[in-house]
Student: 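This is the structure I have questions about; it appears just below.
Quick note on labels: first sequence line is chain A, next is B, and so on, each numbered from 1.
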Protein chains: 2
Amino acid sequence: MEKKISSAVIKRLPRYYRYLSELLENGIDRISSQELSHKMNVTASQIRQDFNNFGGFGQQGYGYNVEILRGEIGKILGLDKKYHVIILGAGNLGQALANYTGFARRGFLVSAIFDNDIKKVGQKVGDIIVRDMAALEDYIQENSVDIVALTLPKSKAPEVAGELVKMGVHAFWNFAATDLNLPEDVVVENVHLAESLMRLSYNIVNLPHD
Amino acid sequence: MEKKISSAVIKRLPRYYRYLSELLENGIDRISSQELSHKMNVTASQIRQDFNNFGGFGQQGYGYNVEILRGEIGKILGLDKKYHVIILGAGNLGQALANYTGFARRGFLVSAIFDNDIKKVGQKVGDIIVRDMAALEDYIQENSVDIVALTLPKSKAPEVAGELVKMGVHAFWNFAATDLNLPEDVVVENVHLAESLMRLSYNIVNLPHD
């Protein structure tokens, strides 16, 4: 079923999931497409079309059951599974990721963090001890690793990622400001903060003035 | 001139800028659309079309002057200006942003960082002293603030952002996992890490297996 859903719809799913989660947190268990539309700043017909892709959970004149809809979207997004995440780089960004409890709540469990700075090795980030990067290969052979989060300098990230692929890693969450150039069967999700900042400055420069 | 460029092209510009910067760092001052195409995994005709939007800097059979092209794209992105950035939240993520030298290199200057945790106030993040959030309004009235980076909990971010808009702030780099719902003349660039992680898990679940 997932294969039929267009990539444009897929891109919107995480945002729907976030909104539906917020509704549940606020004790709202039913919502119409009009209300959701108003909250999310998306047209109601867009929402209905998107939800029809996975069966259309709405009941005319009654609205969506928030918990069921969230569960179905979560399944499509793979959030009904657990993922073991390791983080390479114990700098501020690596520590921020390790400490963010929202990830664990969604099934992303940080099981180890690695750094090659001997001063950081052995220190704790939350409950997790920073390990020596030299122990990385052994760790991957002995443990299940579903996702590697890369918070390494861009000069090192592509080479390290290439070696990790040889060790059997298939998915990367890449914060290094460079592309990894990995085989097509490897999943890479890039978070290029510098590019995000450039979109911001573009919009500042092009902000309509009165 | 910028107004005529489609948003799809605009979205690609930061990536072009990043690649052209890497070429310059590697001492490459001229490149053909074919070579750039190969490096960036975009078709050469796409690249030529995109660059034609701002005058087409190529010289047939000779390629693009990397420095000039990078400069022109930088201007369109507003990177020929300086931006004063303040960071709200001195947690790991706020500290990571404050310490990232790549931003300063591109004209984004972190001038202050604020937190309401009295244990953090007065401490240094790089060269910047963490200030008390209670001093935020005075700071904004006395200093030029072009961008506010929000690394606050999602329960606080929308309210704080709304107050900042009243104080005259027009641009936000939002890391809180929620939308800010600000007036249309305010620029918001969202970095929703949880949504990024959901796109990753979707792609893991839907990875073609052999």
Side-chain angles (χ1 to χ4, degrees), chain A residues 2-3 10-11 13-15 17-18 22 40-41 76-79 81 83 91-100 102-103 106-108 146-147 151 154 170-173 177-179 181 185 187-210, chain B residues 2-3 10-11 13-15 17-18 22 40-41 76-79 81 83 91-100 102-103 106-108 146-147 151 154 170-173 177-179 181 185 187-210:
Chain A
E2 289 87 349
K3 298 292 170 199
I10 297 304
K11 276 195 185 168
L13 289 184
R15 191 154 172 262
Y17 188 87
R18 177 161 61 80
E22 280 185 24
M40 292 189 63
N41 205 13
I76 293 166
L77 289 169
L79 300 179
K81 298 181 172 55
Y83 301 90
N92 285 311
L93 186 56
Q95 292 187 34
L97 299 179
N99 283 327
Y100 184 53
F103 297 145
R106 281 171 186 158
F108 300 91
D146 303 304
I147 296 169
T151 69
K154 69 175 179 177
H170 282 288
F172 293 88
W173 200 22
T178 190
D179 290 340
N181 297 316
D185 64 345
V187 175
V188 180
E189 169 74 17
N190 291 306
V191 181
H192 287 322
L193 294 180
E195 292 188 19
S196 172
L197 206 44
M198 289 184 216
R199 285 191 293 270
L200 182 57
S201 63
Y202 173 83
N203 286 316
I204 291 173
V205 170
N206 290 279
L207 189 67
H209 293 285
D210 40 24
Chain B
E2 289 85 350
K3 298 292 170 199
I10 296 304
K11 277 197 185 166
L13 289 184
R15 190 155 174 262
Y17 188 86
R18 177 162 60 81
E22 281 185 24
M40 292 188 63
N41 206 14
I76 293 166
L77 289 168
L79 300 179
K81 298 180 172 56
Y83 301 90
N92 284 312
L93 186 55
Q95 291 187 35
L97 298 179
N99 283 327
Y100 184 54
F103 297 146
R106 279 169 189 160
F108 300 91
D146 303 304
I147 296 169
T151 69
K154 68 174 180 178
H170 281 289
F172 293 88
W173 199 21
T178 188
D179 290 340
N181 297 318
D185 64 345
V187 175
V188 179
E189 169 75 18
N190 291 306
V191 181
H192 288 321
L193 294 179
E195 292 187 20
S196 172
L197 206 44
M198 289 184 216
R199 285 192 293 271
L200 182 58
S201 63
Y202 173 83
N203 286 316
I204 291 172
V205 170
N206 289 279
L207 189 68
H209 292 286
D210 41 22

Student: If the condition is side chain to side chain contact (heavy atoms under 4.5 Å, CB included), which residues does A:Lys81 pass it with, not counting sequence neighbours?
Tutor: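 Per chain and number, A:Lys81 pairs via side chain to side chain contact (heavy atoms under 4.5 Å, CB included) with A:Tyr83, B:Val205.
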Student: Would you give the length of the straight line joining atom CG of B:Asn203 to atom CG of A:Leu77, rounded to the nearest 0.5 angstrom?
Tutor: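 Answer rounded to 0.5 Å: 10.0 Å.
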Student: As an exercise, state the distance from CG of A:Asn41 to CG of B:Asp179, rounded to the nearest 0.5 Å.
Tutor: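 If we round to the nearest 0.5 Å, A:Asn41:CG and B:Asp179:CG are 8.5 Å apart.
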Student: Would you mind checking which part of A:Thr151 comes under 4.5 Å of any heavy atom in chain B, side chain (CB onward), backbone (N, CA, C, O), both or neither?
Tutor: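 Answer is neither: A:Thr151 stays 4.5 Å or more from chain B.
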Student: Go through the atoms of A:Ala98 and report whether side chain, backbone, both or neither lie under 4.5 Å from a heavy atom of chain B.
Tutor: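 No part of A:Ala98 comes within 4.5 Å of chain B.
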Student: Counting only non-hydrogen atoms closer than 4.5 Å, does A:Leu13 touch chain B with its backbone (N, CA, C, O), its side chain (CB onward), both, or neither?
Tutor: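 For A:Leu13, there is no contact with chain B at all, as no heavy atom is under 4.5 Å.
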Student: Which bit of A:Asn99 is near chain B, if near means a heavy-atom gap under 4.5 Å: side chain, backbone, both or neither?
Tutor: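 The side chain, not the backbone.
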Student: Provide the closest heavy-atom pair for B:Pro14 versus A:Arg199 in the form atom of the first, atom of the second, distance.
Tutor: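 Heavy atoms only, the tightest pair is CG-CG, 4.1 Å.
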Student: Using heavy-atom distances under 4.5 Å, tell me whether A:Phe172 contacts chain B through its side chain, its backbone, both, or neither.
Tutor: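 For A:Phe172, the contact with chain B is made by the backbone alone.
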Student: Show the nearest heavy-atom pair for residues A:Ser196 and B:Val191, with the distance to one decimal.
Tutor: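 It is OG-CG2, 3.5 Å.
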Student: Which value, rounded to the nearest 0.5 Å, describes the distance between B:Leu200 atom CG and A:Asn190 atom CG?
Tutor: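 So the gap between those two atoms works out to 10.0 Å.
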Student: Could you have a look at B:Leu93, B:Asn181, B:Thr178, B:Val188 and say which one has the most heavy-atom pairs with chain A under 4.5 angstrom?
Tutor: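 With the most close heavy-atom pairs to chain A, the winner is B:Thr178.
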Student: Sort out for me which of B:His192, B:His170, B:Lys154, B:Met40 touches chain A most, counting heavy-atom pairs under 4.5 Å.
Tutor: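 When all of B:His192, B:His170, B:Lys154, B:Met40 are compared, B:His192 has the most.
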Student: Atom OH of A:Tyr202 and atom CD1 of B:Ile10: how far apart are they, to the nearest 0.5 Å?
Tutor: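 One finds 3.5 Å between OH of A:Tyr202 and CD1 of B:Ile10.
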Student: Out of A:Arg15, A:Lys11, A:Arg18, which residue meets the salt bridge (Lys or Arg N to Asp or Glu O under 4.0 Å) rule with B:Glu195?
Tutor: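 It is A:Arg18; the other options fail the test.
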Student: Report which part of A:Asp146 has an atom under 4.5 Å of a heavy atom belonging to chain B: side chain, backbone, both, or neither.
Tutor: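 Looking at A:Asp146, just its backbone touches chain B.
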Student: Between A:Arg106 and B:Ala194, which heavy-atom pair has the shortest distance, and what is it?
Tutor: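 The answer is NH1-CB, 3.1 Å.
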Student: A:Tyr100 versus B:Asn92: any side-chain heavy-atom pair under 4.5 Å?
Tutor: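 Of all side-chain heavy-atom pairs linking B:Asn92 with A:Tyr100, none is under 4.5 Å.
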Student: Is the shortest heavy-atom distance from the side chain of A:Phe108 to the side chain of B:Ser201 under 4.5 Å?
Tutor: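 A side-chain contact under 4.5 Å exists here.
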Student: What's the verdict on side chain to side chain contact (heavy atoms under 4.5 Å, CB included) for A:Leu97 and B:Leu193, showing C-alpha distance, side-chain angles and the deciding distance?
Tutor: CA-CA 9 Å; A:Leu97 299 179; B:Leu193 294 179; 4.2 Å; yes
Student: Take A:Gln95 and B:Gln95 through the test side chain to side chain contact (heavy atoms under 4.5 Å, CB included) and record every step on the way to the result.
Tutor: CA-CA 10 Å; A:Gln95 292 187 34; B:Gln95 291 187 35; over 6 Å; no
